[in-house]
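Any value given below was found using the heavy atoms of this structure, including those in side chains, with hydrogens, waters and symmetry copies removed. Here is how names work: the chains are called A, B, and so on, in the same order as the sequence lines, proteins then strands, and each is numbered from 1.
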Protein chains: 4
Amino acid sequence: MAAKTTFENLPEEKRARIVEAAIEEFGAHPYASASTNRIVKAAGISKGSMYQYFENKSALYRWLVWEHAAQVKGRYVSAKAYGEAMETGDLLGFLRVAMRGGVVFTLDHPRLARAALRLMEGSADEELGRMKEEHLRMGEQVMRMFVEKGQRMGKLDPDLDPELVSPLIAHATGPMLVDAMMVKMGTTLDGYLNRPEEWTRMTEAEIDGFVDGVMMILERGLAPKPA
Amino acid sequence: MAAKTTFENLPEEKRARIVEAAIEEFGAHPYASASTNRIVKAAGISKGSMYQYFENKSALYRWLVWEHAAQVKGRYVSAKAYGEAMETGDLLGFLRVAMRGGVVFTLDHPRLARAALRLMEGSADEELGRMKEEHLRMGEQVMRMFVEKGQRMGKLDPDLDPELVSPLIAHATGPMLVDAMMVKMGTTLDGYLNRPEEWTRMTEAEIDGFVDGVMMILERGLAPKPA
Amino acid sequence: MAAKTTFENLPEEKRARIVEAAIEEFGAHPYASASTNRIVKAAGISKGSMYQYFENKSALYRWLVWEHAAQVKGRYVSAKAYGEAMETGDLLGFLRVAMRGGVVFTLDHPRLARAALRLMEGSADEELGRMKEEHLRMGEQVMRMFVEKGQRMGKLDPDLDPELVSPLIAHATGPMLVDAMMVKMGTTLDGYLNRPEEWTRMTEAEIDGFVDGVMMILERGLAPKPA
Amino acid sequence: MAAKTTFENLPEEKRARIVEAAIEEFGAHPYASASTNRIVKAAGISKGSMYQYFENKSALYRWLVWEHAAQVKGRYVSAKAYGEAMETGDLLGFLRVAMRGGVVFTLDHPRLARAALRLMEGSADEELGRMKEEHLRMGEQVMRMFVEKGQRMGKLDPDLDPELVSPLIAHATGPMLVDAMMVKMGTTLDGYLNRPEEWTRMTEAEIDGFVDGVMMILERGLAPKPA
DNA sequence: CATGAATGAGGTTTCATTCAT
DNA sequence: CATGAATGAAACCTCATTCAT
């Protein structure tokens with residue numbers, strides 16, 4: 001939707017170079033400061049070519065975070081788990097899966113994760129503004145659905161206001177999660193990106209412990225009141 | 001620290017014009033897109049003057065969010081409450097005060113709040129990067145202090161990992177709070193800024209209910225396990 | 001001359017699509033701003049194909065106004081009338097026929113007329129410059145021939161300087177005519193093109209009256225002095 | 001109105017260099033093809049400076065033709081003659097003065113005249129489109145005023161339709177005049193600009209004869225019918 | 001004969017900052 | 001202390017045309 005067919009048809013190697021360059025640039029600079037000039041130079045293609053592949057700068061970014069990042073991240077959260085959670089209304093179960101996936105995705109692809117997070121920063125670009133609003137709306141809808149289902153099934157406190165819980169959860173599993181993760185590693189996402197060799201990646205066990213910690217707080221916070 | 005003495009000595013009226021113009025600009029555009037040219041034009045001063053008052057663009061922004069915004073926001077959170085909470089280790093009590101203050105501050109000064117939130121967006125400017133890191137570190141330290149004190153006093157679950165809880169709380173009382181607030185009003189912060197007349201401000205009662213809602217989740221989530 | 005044989009041999013439907021797209025583009029934009037990219041996109045052909053049909057941008061334009069527009073316009077001015085006027089030296093009779101044809105052609109094909117008028121605007125393209133010069137020279141020659149014949153036959157004032165009268169007539173029956181016509185309709189050619197539905201086309205009677213008005217001025221102005 | 005005060009305050013010598021460069025460029029290329037890059041290079045100023053003097057490209061052009069050219073041309077048509085013609089309703093007398101001024105202006109400043117004529121060519125720029133429409137409207141109003149006054153005073157045929165006569169006269173004293181003049185000199189305006197040394201300027205006597213020739217046609221064409 | 005990816009020069013404009021007055 | 005003209009790098013994007021397939 002965001003990339004032209006020209007881009008889809010590119011030889012894998014060239015396509016990869018462009019993707020890599022874009023991730024690098026949008027990962028390192030806010031959207032407004034990211035430079036298409038630098039991207040094409042790093043990718044070794046001409047300025048004109050980039051505009052054969054993408055309508056404009058915002059279309060490139062859109063593709064990167066909405067299609068590419070989404071697809072890569074999708075590999076970390078199984079569709080099965082999502083489906084099961086939907087059926088059973090198991091919000092918390094789903095959150096655990098989603099958070100774990102998010103953590104590992106961020107550790108495996110920190111620059112891409114950083115680039116995607118920038119969507120929330122807002123920008124002068126109208127297109128980006130719309131993307132942000134839509135992303136927020138969609139996230140909120142999904143969360144609200146889960147919350148309401150969970151309440152109906154008696155797994156969440158029925159007195160909780162879904163309008164309040166859904167953004168809380170969206171944050172808890174998105175930006176806040178990344179922040180906490182980095183605090184846990186003793187750095188920040190930007191610091192991690194600048195000198196990745198300096199920090200040791202969380203082990204699987206640490207990841208589990210970390211996710212359990214957050215989950216425990218959410219579970220207790222959202223559970224129905226004991227009779 | 002960020003502003004030169006020339007700026008401090010300015011006639012109140014002129015100073016106010018500059019502050020107002022800066023809030024407007026940094027509230028409406030990401031840091032990189034914010035234009036000093038537009039600010040001086042809106043403030044009715046010369047470009048040279050601006051550089052007499054502030055070293056450069058980032059110094060102006062630094063002053064705006066670290067000195068001005070902090071001072072304005074300080075009026076919404078009484079020092080007394082902060083002190084009492086420190087003494088009693090009453091993290092939750094403090095959070096309630098802080099959140100309420102944050103909500104009202106955001107409603108009273110939405111553009112300034114938006115400008116300040118942009119600090120977290122990261123930027124190409126190194127100075128700003130340092131500011132962001134420092135802001136995060138400081139926030140975390142304060143929170144950690146509270147958490148550890150609360151645990152020692154038996155008011156928080158001693159098994160909670162402070163490294164995990166502090167960023168969670170920082171988010172819950174910062175960006176997440178603003179998001180949730182805006183969802184509650186049916187908009188987003190940017191939407192609210194673009195068309196302020198379109199949305200009705202939360203009433204005092206609504207604010208209380210909103211804060212109570214968040215607090216209840218935190219209280220239950222962080223409380224010591226029942227024996 | 002301007003189009004390659006490949007273009008002439010094209011299936012009618014495809015050829016029509018290209019012509020239509022070119023008229024649209026050259027009618028809407030000055031030559032320099034007109035975009036071959038947009039034309040091929042609108043026509044649904046490949047860029048390479050366009051260069052199989054026409055040497056380059058200026059050849060396409062050349063064909064459009066010198067071959068296509070000339071042919072279409074020719075349908076509005078009968079060859080018979082032209083021949084008769086030539087034989088009888090009836091400049092004024094010919095002008096009446098030519099003006100009426102020009103008016104109806106412009107009303108029937110306003111975009112094509114606009115595209116053709118652009119030739120007179122001059123351009124950075126050398127080829128176009130030559131076209132313009134040649135067009136002017138040819139028009140002037142025809143007019144001069146008529147004027148001199150008319151003078152010899154006693155239908156025009158013999159004191160008139162043909163070098164002066166011929167460009168006057170060329171304008172009166174070309175750009176000036178179109179302008180006057182549009183003033184009569186209460187708009188301009190560009191305004192008419194932008195919102196064609198907004199203006200009501202001149203009726204046949206109005207066209208006749210309009211042409212008669214211009215002719216009357218020319219007749220009196222160019223007639224031999226009464227003895 | 002079109003130029004910023006920055007430009008008005010410039011040292012005469014620098015200002016002249018810029019004006020000269022702009023005339024050269026807009027005289028030699030259609031508006032869309034004219035390049036601000038070439039102008040600043042020729043004028044020996046920086047790109048940024050040009051944008052301190054003028055809002056943008058169209059503002060520069062606007063100033064050049066609406067303020068500068070108008071002022072220069074004004075020197076060739078005395079305000080006194082204009083005023084007198086207004087009082088006496090002497091359209092033809094005014095036209096003679098205006099045409100003579102136009103001819104000499106064009107001979108003295110052919111590139112500036114060419115640049116100004118380009119306004120009528122239409123362009124992709126919206127601002128320019130508005131300029132053109134306004135210019136046409138204004139010219140037509142002035143002409144119509146003259147025509148109606150001339151008719152009331154019995155100097156023009158009362159049966160003439162002002163809506164038809166005014167664009168005719170506007171052309172006759174504008175683009176058509178320049179064309180005819182150049183035909184008289186055996187060239188075209190563009191040919192004259194490219195190789196000015198090749199053509200000999202009309203003498204004063206020739207100019208008078210030329211203007212008389214056009215005037216005679218108009219006089220007879222517009223005069224009231226003899227009783 | 002058709003295709004459409006590739007090109008890179010060039011377009012206009014904005015920017016933060018300096019410094020002579 | 002105030003001014004605002006000057007700067008030139010950099011921004012995003014479009015263009016007509018070519019040529020290998």
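- At the heavy-atom level, C:Lys47 lies under 4.0 Å from base atoms of the strands shown.
- Heavy atoms of B:Lys41 sit nowhere under 4.0 angstrom from any nucleic acid atom.
- Here the closest non-hydrogen pair linking D:Phe7 and D:Arg15 is O-CD, 3.3 Å.
- Listed pair B:Tyr51 / E:dT17 meets the phosphate criterion, a side-chain N or O lying under 4.0 Å from OP1 or OP2.
- Base pairing analysis places E:dT3 opposite F:dA20; the two distances defining the Watson-Crick or G-U wobble pair are each below 3.5 Å.
- Taking 4.0 angstrom as the limit, D:Ser49 places none of its side-chain polar atoms (N or O) nearer than this to OP1 or OP2 of F:dA5.
- Defined by atom type and a distance below 3.5 Å, a donor-acceptor pair is missing between the side-chain atoms of A:Asn37 and A:Ser35.
- Atom CZ in C:Phe54 sits roughly 13 Å away from atom P in E:dA2 (whole-Å rounding).
- Note on C:Ala32: nothing from the nucleic acid sits closer than 4.0 angstrom, heavy atoms only.
- Atom CD of B:Gln52 and atom C1' of E:dT18 are 12 Å apart (whole Å).
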message: One pair to check against side chain to side chain contact (heavy atoms under 4.5 Å, CB included): D:Ile23 and D:His68. What are the steps and the verdict?
response: CA-CA 10 Å; D:Ile23 292 175; D:His68 184 67; 4.2 Å; yes
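- In this structure, D:Lys41 does not pair ionically with D:Glu25, as no charged nitrogen and carboxylate oxygen lie closer than 4.0 Å.
- E:dA9 is paired with F:dT14 under the Watson-Crick or G-U wobble criterion, all donor-acceptor distances under 3.5 Å.
- Contact annotation: B:Arg38 reaches the phosphate of E:dC15 (side-chain N/O to OP1 or OP2, under 4.0 Å).
- The existence of a salt bridge linking B:Glu121 and B:Arg118 is confirmed by a sub-4.0 Å separation between a basic side-chain nitrogen and an acidic carboxylate oxygen.
- Contacts of B:Asn56 with the nucleic acid, taken as non-hydrogen atoms under 4.0 Å apart, involve only primed sugar atoms and P, OP1 or OP2.
- Here F:dC12 presents its P atom at 13 Å from CG of A:Leu128, a figure rounded to the nearest Å.
- Rounded to a whole Å, the CG atom of A:Asn9 is 10 Å from the C1' atom of E:dA5.
- A straight line from NZ of A:Lys4 to P of F:dT14 spans 8 Å, rounded to a whole angstrom.
- Residue contacts shown for B:Ile45 are absent, as no nucleic acid heavy atom lies under 4.0 Å away.
- Pairing of F:dG8, defined by two Watson-Crick or G-U wobble distances under 3.5 Å, is identified with E:dC15.
- Atom C1' of nucleotide F:dA5 and atom CD1 of D:Ile18 are separated by 11 Å, given to the nearest angstrom.
- Backbone-only contact: D:Lys14 has heavy atoms under 4.0 Å from sugar-phosphate atoms and none from a base.
- Residue C:Glu25 contributes atom CD, which lies 8 Å from atom P of F:dC15 at whole-angstrom precision.
- For the pair B:Thr5 and C:Tyr31, nearest-nucleotide mapping onto DNA chain F gives the more 5' position to B:Thr5.
- Dashed line: the shortest gap from a side-chain N or O of B:Ser46 to OP1 or OP2 of F:dT3 is under 4.0 Å.
- The phosphate of E:dA2 has OP1 or OP2 within less than 4.0 Å of a side-chain N or O from C:Tyr53.
- Residue D:Thr6 places at least one side-chain N or O under 4.0 Å from the OP1 or OP2 atom of F:dA5.
- Counting non-hydrogen atoms under 4.0 angstrom, D:Asn37 reaches a base of the nucleic acid.
- One finds a side-chain N or O of D:Ser35 lying less than 4.0 angstrom from the OP1 or OP2 phosphate oxygen of E:dT12.
- Between A:Arg62 and A:Glu55 there is no salt bridge, since no side-chain N of the basic residue sits under 4.0 Å from a carboxylate O of the acidic one.
- Both cation-pi conditions hold for D:Lys57 and D:Tyr31: the charged atom is under 6.0 angstrom from the six-membered ring centre and inside a 45 degree cone around its axis.
- Distance from the side chain of B:Thr36 is smallest to E:dA16 among F:dC13, E:dA16, E:dA2.
- Both B:Leu10 and A:Ala34 sit near DNA chain F, but only B:Leu10 has its closest nucleotide nearer the 5' end.
- Between the C1' atom of E:dA6 and the CZ atom of A:Phe7 lies a distance of 16 Å, rounded to the nearest Å.
- With the nearest nucleotide of DNA chain E identified for both D:Ser58 and B:Glu55, D:Ser58 has the one nearer the 5' end.
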